[in-house]
Amino acid sequence: MSELPRVSVLMAFYKGERYIREAIESVLAQDFTSWEFLLVDDGGGDGSAAIVEEFAAKHPGRIRRLEHDGNQNRGPSASRNLGLSRARGAYIAFIDQDDVWIRTKLTEQVAILDGEPRAAMK
């Protein structure tokens with residue numbers, strides 16, 4: 001990505017091999033396209049990391065896999081904080097490893113935030 005994304009999508013994952021592919025694909029299917037996707041490996045040790053690496057290889061610069069030092073398990077809060085520290089977007093969107101987004105999620109939410117500059121989301 002040459003310009004900064006509007007949205008940084010963050011996912012902390014831990015032993016999510018069963019669902020993570022579908023969650024990633026739902027982000028890729030968004031009709032809003034100005035996003036980056038940061039997936040933080042929380043040291044689960046299953047096949048999730050390989051799935052994430054597969055997507056990162058297909059979408060370099062757009063999808064990034066992060067991990068804690070030594071690929072330690074640090075928990076979801078520390079993993080989200082690691083993702084936040086590397087995020088470049090004006091907005092942050094969290095997705096869990098077993099979530100699936102509708103195609104218009106980011107379009108709708110960015111429009112709301114842009115239309116209400118005093119609004120904030122946590």
Side-chain angles (χ1 to χ4, degrees):
M1 270 187 140
S2 58
E3 63 184 54
L4 292 178
R6 293 287 314 282
V7 178
S8 292
V9 179
L10 303 181
M11 176 194 292
F13 66 94
Y14 177 81
K15 296 189 180 191
E17 182 175 11
R18 181 174 178 188
Y19 302 107
I20 199 166
R21 184 177 300 279
E22 188 175 11
I24 294 168
E25 288 171 346
S26 78
V27 174
L28 287 168
Q30 292 297 298
D31 60 3
F32 183 86
T33 59
S34 180
W35 54 260
E36 66 175 349
F37 197 179
L38 305 160
L39 297 104
V40 183
D41 186 343
D42 197 21
D46 66 350
S48 301
I51 294 168
V52 171
E53 287 294 341
E54 171 190 327
F55 281 100
K58 289 179 185 174
H59 305 277
R62 192 163 169 99
I63 296 178
R64 292 184 283 155
R65 178 181 163 265
L66 308 172
E67 65 180 45
H68 301 288
D69 291 339
N71 199 25
Q72 296 176 1
N73 172 247
R74 302 273 311 276
S77 295
S79 296
R80 284 181 174 168
N81 286 336
L82 175 59
L84 285 169
S85 74
R86 305 282 179 83
R88 300 176 304 143
Y91 299 127
I92 303 293
F94 292 105
I95 183 170
D96 290 332
Q97 65 191 14
D98 60 350
D99 287 348
V100 175
W101 283 355
I102 62 169
R103 191 176 202 291
T104 59
K105 175 188 172 51
L106 291 178
T107 295
E108 292 172 14
Q109 290 184 339
V110 168
I112 291 167
L113 289 168
D114 285 347
E116 295 292 336
R118 296 175 295 148
M121 294 177 61
K122 294 183 180 187

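For the numbers below, each heavy atom of this structure counts, side chains included, while hydrogens, waters and symmetry mates do not.
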Pairwise side-chain contact, I24 with V27, heavy-atom cut-off 4.5 Å (strictly under): no
Does Y14 belong to the same Ile/Leu/Val/Met/Phe/Trp/Tyr cluster as V9, with side-chain heavy atoms less than 4.5 Å apart forming each link? no
With a 4.5 Å limit on heavy-atom distance, are the side chains of I20 and M11 in contact? yes
Any side-chain heavy-atom pair of S34 and V110 under 4.5 Å: no
For the atom pair CG (L66) and CG (L38), what is the distance rounded to the nearest 0.5 Å? 5.5 Å
Atom NE2 in H59, atom CD in E54: separation rounded to 0.5 Å? 9.0 Å
If only atom types and distance count, is the side chain of E36 paired as donor or acceptor with the main-chain N or O of L10 below 3.5 Å? no
Taking all non-hydrogen atoms of both residues, which atom of A87 and which atom of I92 are closest, and how far apart? CB-CD1, 3.7 Å
Are I95 and I102 linked, directly or through other ILVMFWY residues, by side chains that come within less than 4.5 angstrom of each other? no
Smallest heavy-atom separation, V7 atom then A93 atom, equals CG1-CB, 3.9 Å
Minimal heavy-atom distance between T33 and Q30, with the atoms involved, is CG2-O, 4.5 Å
N73 side chain to G44 main-chain N or O, any donor-acceptor pair under 3.5 Å? no
When hydrophobic residues are tied together by side-chain contacts of less than 4.5 Å, even through go-betweens, does Y91 share a cluster with L28? yes
Kindly assign one of parallel, tilted or perpendicular to the pair W35 and F37, based on the angle between their ring planes and the thresholds 30° and 60°. perpendicular
So with a 6.0 Å cut-off around CD of E22, is the heavy-atom count from everything else above 12? no
Does this structure show an ion pair linking D114 with R6, if we count only N-O contacts that are shorter than 4.0 Å? yes
Taking every non-hydrogen atom, the tightest pair across E17 and G47: OE1-N, 3.2 Å
Any side-chain heavy atom of V40 within less than 4.5 Å of one from H68? yes
Using modelled atom types only, decide if a donor and an acceptor are shared between the side chain of Q97 and the backbone of Y19 within a distance under 3.5 Å. no
Specify the closest pair of heavy atoms between S85 and L82, including all atoms of both residues, with the distance to one decimal. OG-O, 2.7 Å
Could D42 and R80 be called an ion pair, given the rule that one side-chain N must be under 4.0 Å from one carboxylate O? no
Worked check of side chain to side chain contact (heavy atoms under 4.5 Å, CB included) between F55 and R65: CA-CA 9 Å; F55 281 100; R65 178 181 163 265; over 6 Å; no
Minimum heavy-atom distance S48-K15, with the two atoms named: OG-C, 3.9 Å
Point-to-point distance, once rounded to the nearest 0.5 Å, from CZ of R88 to CD of E3: 10.0 Å
F32 vs K105 side-chain heavy atoms within contact, under 4.5 Å: no
Spell out, yes or no, whether V100 and I51 are grouped together once hydrophobic residues are joined by side-chain heavy atoms under 4.5 Å, including indirect joins. no
